[in-house]
Protein chains: 2
Amino acid sequence: MKNQLANIILFHRKRSGLTQLELAELAGVGKNMIYELENGKQSVRLDNLINVLRVLNINITFQSPLRESFLKEYPDADC
Amino acid sequence: MKNQLANIILFHRKRSGLTQLELAELAGVGKNMIYELENGKQSVRLDNLINVLRVLNINITFQSPLRESFLKEYPDADC
DNA sequence: CCATATTTCCCTGTTAAGTGGGGAATATGT
DNA sequence: ACATATTCCCCACTTAACAGGGAAATATGG
């Protein structure tokens, strides 16, 4: 149970029937990156992570109390 | 409108009344990182981004159809 | 309008992220 | 039990993320 992200990636990759190598190639990253991601490495590059998550159909979102109340007041803001 | 993340960070930093330099020091990153984040740089390190978001009280979450249906079936899984 | 704060965008050196190769360890399935 | 697939984890090399200095451009506010 290294961290949340590692488990999410492992779970989705297994469900997709992909090997680490196949996922790496689909995401355009090195094979070691998948291994490191699944083992809790935090110092990966964001764009690489996003490419991996895209293959696995995982969405990354950002939430905060401030943002949610702001978007409720100004629904078209999108910022 | 470079990207979503850049706008979120800028919006929250302004609301916090912090300068780029102050946010950088609180997050333990270089001053240039804040500038680059707010200008849409995608190749930043995830741990640095997380440190910045923590200061701004912004949460990262991961969502997928697979994950949501899975957690609905097995509420205690947490993976 | 002026002084000051802040942001933008150069630059340079350092450091570690990322890569592919490769081989040992482990898992898978027949 | 065996062959094969996959994962784990080491290595060395390349490259760019990062920090921090600095200076011009821009924003702020008194």
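In the text below, chain A, chain B and the rest are named by the order of the sequence lines, each starting its count at 1. Note that this is a predicted model, so its numbers are computed, not measured.
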Rounded to whole angstroms, how far apart are OH on B:Tyr35 and C1' on D:dA19?
16 Å
Indicate, with yes or no, if A:Ile50 and A:Leu26 share a hydrophobic cluster defined by side-chain heavy-atom contacts under 4.5 Å among Ile, Leu, Val, Met, Phe, Trp and Tyr.
yes
Take the C1' atoms of the five end pairs on each side of the helix from C:dC1-D:dG30 to C:dT30-D:dA1, derive the two axes, and give their angle rounded to 10 degrees.
80°
Distance col, row A:Ser43:OG vs B:Leu46:CG, nearest 0.5 angstrom, shows 8.5 Å
At less than 3.5 Å, do the side-chain atoms of A:Asn39 and the base atoms of D:dC8 form a donor-acceptor pair?
no
Whole angstrom is fine here: how far is it from CD in A:Glu36 over to C1' in D:dC9?
10 Å
Considering only heavy atoms, which members of residues 44-51 of chain B lie under 4.0 Å from some atom of DNA chain D?
B:Val44, B:Arg45, B:Asn48
Below 4.5 Å, heavy atoms only, C-beta onward: do A:Ile9 and A:Leu53 meet side chain to side chain?
yes
Calculate the interatomic distance between A:Lys14 atom NZ and D:dA5 atom C1'; express it in whole Å.
11 Å
Just call it for A:Lys31: base, sugar-phosphate, or nothing, with non-hydrogen atoms closer than 4.0 Å on any strand.
base
Distance in Å, A:Arg15 CZ paired with A:Asn57 CG, rounded so as to fall on 0.5 Å steps
13.5 Å
Distance, nearest 0.5 Å, that separates OG1 of B:Thr19 from CD1 of B:Ile34
9.5 Å
For the pair B:Arg13 and B:Glu22, find out whether any cationic side-chain nitrogen is under 4.0 Å from an anionic carboxylate oxygen.
no
Can you tell if the side chain of A:Thr61 reaches within under 4.5 Å of the side chain of B:Gln63, non-hydrogen atoms only?
yes
Heavy-atom pair of closest approach, residues A:His12 and A:Ile8:
ND1-O, 2.8 Å
In Å, rounded to the nearest 0.5 Å, how long is the span from CG of A:Asn3 to CG of A:Leu5?
5.5 Å
Side chain of A:Gln20 - closest among D:dC8, D:dA19, D:dC10
D:dC8
Can you check whether A:Thr19 has a side-chain N or O nearer than 4.0 Å to OP1 or OP2 of D:dT6?
no
To the nearest angstrom, the CE-P distance between A:Met33 and D:dT15 comes to 19 Å
Validation row: B:Val44, B:Met33 side chains within 4.5 angstrom (heavy atoms)
yes
I'd like the 5' and 3' limits of the part of DNA chain C contacted by chain A, with heavy-atom contacts below 4.0 Å.
C:dA17 to C:dG22
Can you measure from CD (B:Glu36) to CD (B:Gln42) and round to the nearest 0.5 angstrom?
12.5 Å
